2 protein chains.
Amino acid sequence: MKALERLQVHNIKPSMQRIAIMDYLLENYTHPAVDEIYTALFPKIPTLSKTTVYNTLKLFEEHDAIKMLTIDDKNTCFDIDTSPHAHFFCKKCNKIEDFNLMKPEQLKGLDQSNHLVTEVHLYYKGVCQECLRSEE
Amino acid sequence: MKALERLQVHNIKPSMQRIAIMDYLLENYTHPAVDEIYTALFPKIPTLSKTTVYNTLKLFEEHDAIKMLTIDDKNTCFDIDTSPHAHFFCKKCNKIEDFNLMKPEQLKGLDQSNHLVTEVHLYYKGVCQECLRSEE
DNA sequence: GTACGTGCAAAGAATTTGCAGATAA
DNA sequence: TTATCTGCAAATTCTTTGCACGTAC
């Protein structure tokens with residue numbers, strides 16, 4: 001899917017910067033943080049500012065075009081794949097990879113992809129009962 | 001389990017501050033962030049500094065006495081329960097609750113605890129194949 | 001006395017905000 | 001025109017670092 005098309009599908013008004021950022025996300029499945037995107041695009045768009053990257057990613061997320069990942073406590077990362085899937089975070093090189101859901105016996109220890117899995121984190125997000133009530 | 005005992009089990013040399021912080025974690029299953037712990041303990045220990053809270057939590061984590069949670073991108077939280085379990089993060093009040101593992105049909109939508117689950121995040125952490133090789 | 005623990009102040013890094021100029025419908 | 005988009009600079013927040021003092025064995 002082309003960047004422009006994807007913006008339109010999610011009701012995001014296109015601009016040069018937005019297309020470039022969406023394009024980067026579509027071409028690079030590296031779950032990039034703000035700085036990676038900024039550094040990659042700056043040579044092509046020398047007027048680009050980090051503020052715009054922040055603004056744009058926030059906008060994309062609000063329109064459900066991307067998903068925010070809070071795996072790495074140093075950097076917020078973004079995923080163009082919004083469907084439910086798991087991730088693997090290497091605590092040494094800090095890279096995030098997509099990961100197939102694993103069977104319980106594969107958790108912890110060495111899995112078939114030869115990564116050493118030491119931690120499993122499962123989070124749900126949403127709105128709790130109390131907050132739902134107070135919204136009425 | 002008493003705080004002192006838990007420190008000893010994990011080979012952490014006790015001190016007044018360490019006991020107080022461990023005690024707070026054992027008494028409050030709120031998955032507190034640094035600031036919550038600091039604010040709660042400061043009245044009792046007026047000389048306490050945030051640096052010490054940071055140092056202590058880092059030390060606890062290194063000794064596997066607590067687990068760091070990177071759910072909320074604003075605040076790193078800590079969990080005294082190091083066994084594998086799921087969490088629920090309310091995007092409105094920012095509270096983190098323990099959550100039983102849910103069946104797939106309960107994911108997304110309203111579960112039996114009446115929280116509105118809108119996102120499911122599953123992360124694995126560890127060391128990737130490349131980094132394992134370069135360690136040899 | 002030596003090693004370790006604590007805490008201040010400063011530095012550093014990630015992110016947000018305010019605002020003014022640029023751009024587009 | 002009129003609303004929206006962009007980007008600079010400053011502010012804010014979270015976290016780390018350097019260092020000196022204090023404490024304990």
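We name chains A, B, ... by the order of the sequence lines, and we start the count at 1 in each one. Note that the coordinates shown come from a computational prediction; the quantities given were computed from them, not determined experimentally.
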When the side chains of residues 19-30 of chain B are checked against the rest of the protein, which donor-acceptor pairs come out under 3.5 Å, sequence neighbours left out?
residue, atom, partner, partner atom, Å
B/Y24, OH, B/E36, OE2, 2.7
B/N28, ND2, B/Y24, O, 2.9
B/T30, OG1, B/E36, OE2, 2.9

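- Atom OH of B/Y54 and atom P of D/dT17 are 12 Å apart (whole Å).
- With sequence neighbours excluded, no residue satisfies salt bridge (Lys or Arg N to Asp or Glu O under 4.0 Å) with A/K13.
- Residues forming a side-chain contact (heavy atoms from CB on, under 4.5 Å) with A/K74 (at least two apart in sequence, or on another chain): A/D72.
- The distance between atom CD1 of B/I37 and atom P of D/dC14, rounded to the nearest whole Å, is 14 Å.
- For the pair A/N75 CG and D/dT16 C1', the interatomic distance rounds to 15 Å; values are reported in whole Å.
- Side-chain contact, A/E97 with A/H31: no donor N or O sits under 3.5 Å from an acceptor N or O.
- Between B/K74 atom NZ and D/dT15 atom C1' there is a gap of 15 Å when expressed in whole angstrom units.
- For residues 40-53 of chain A, the set of pairs meeting the side chain to side chain donor-acceptor pair (under 3.5 Å) definition, not counting sequence neighbours, comprises A/D35-A/K50, A/S49-A/T52.
- In summary, contact between chain B and DNA chain C, defined as any nucleotide atom under 4.0 Å from a heavy atom of the protein, begins and ends at C/dC4 to C/dT16 in the 5' to 3' direction.
- When the side-chain hydrogen bond (donor to acceptor under 3.5 Å, both in side chains) test is applied to B/T70, the partners found at least two apart in sequence or on another chain are B/K125.
- For A/Y123, the side-chain hydrogen bond (donor to acceptor under 3.5 Å, both in side chains) test picks out A/H121, with sequence neighbours left out.
- Rounded to whole angstrom, the span from the CD atom of B/E36 across to the C1' atom of D/dT13 amounts to 18 Å.
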- With sugar-phosphate taken as primed atoms, P, OP1 and OP2 and all else as base, the protein-contact string of nucleotides 3-12 of chain D at under 4.0 Å (heavy atoms; B, S, -) is -SSSBBB---

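- For B/K91, the salt bridge (Lys or Arg N to Asp or Glu O under 4.0 Å) partners two or more places apart in sequence, or in a different chain, are B/E119.
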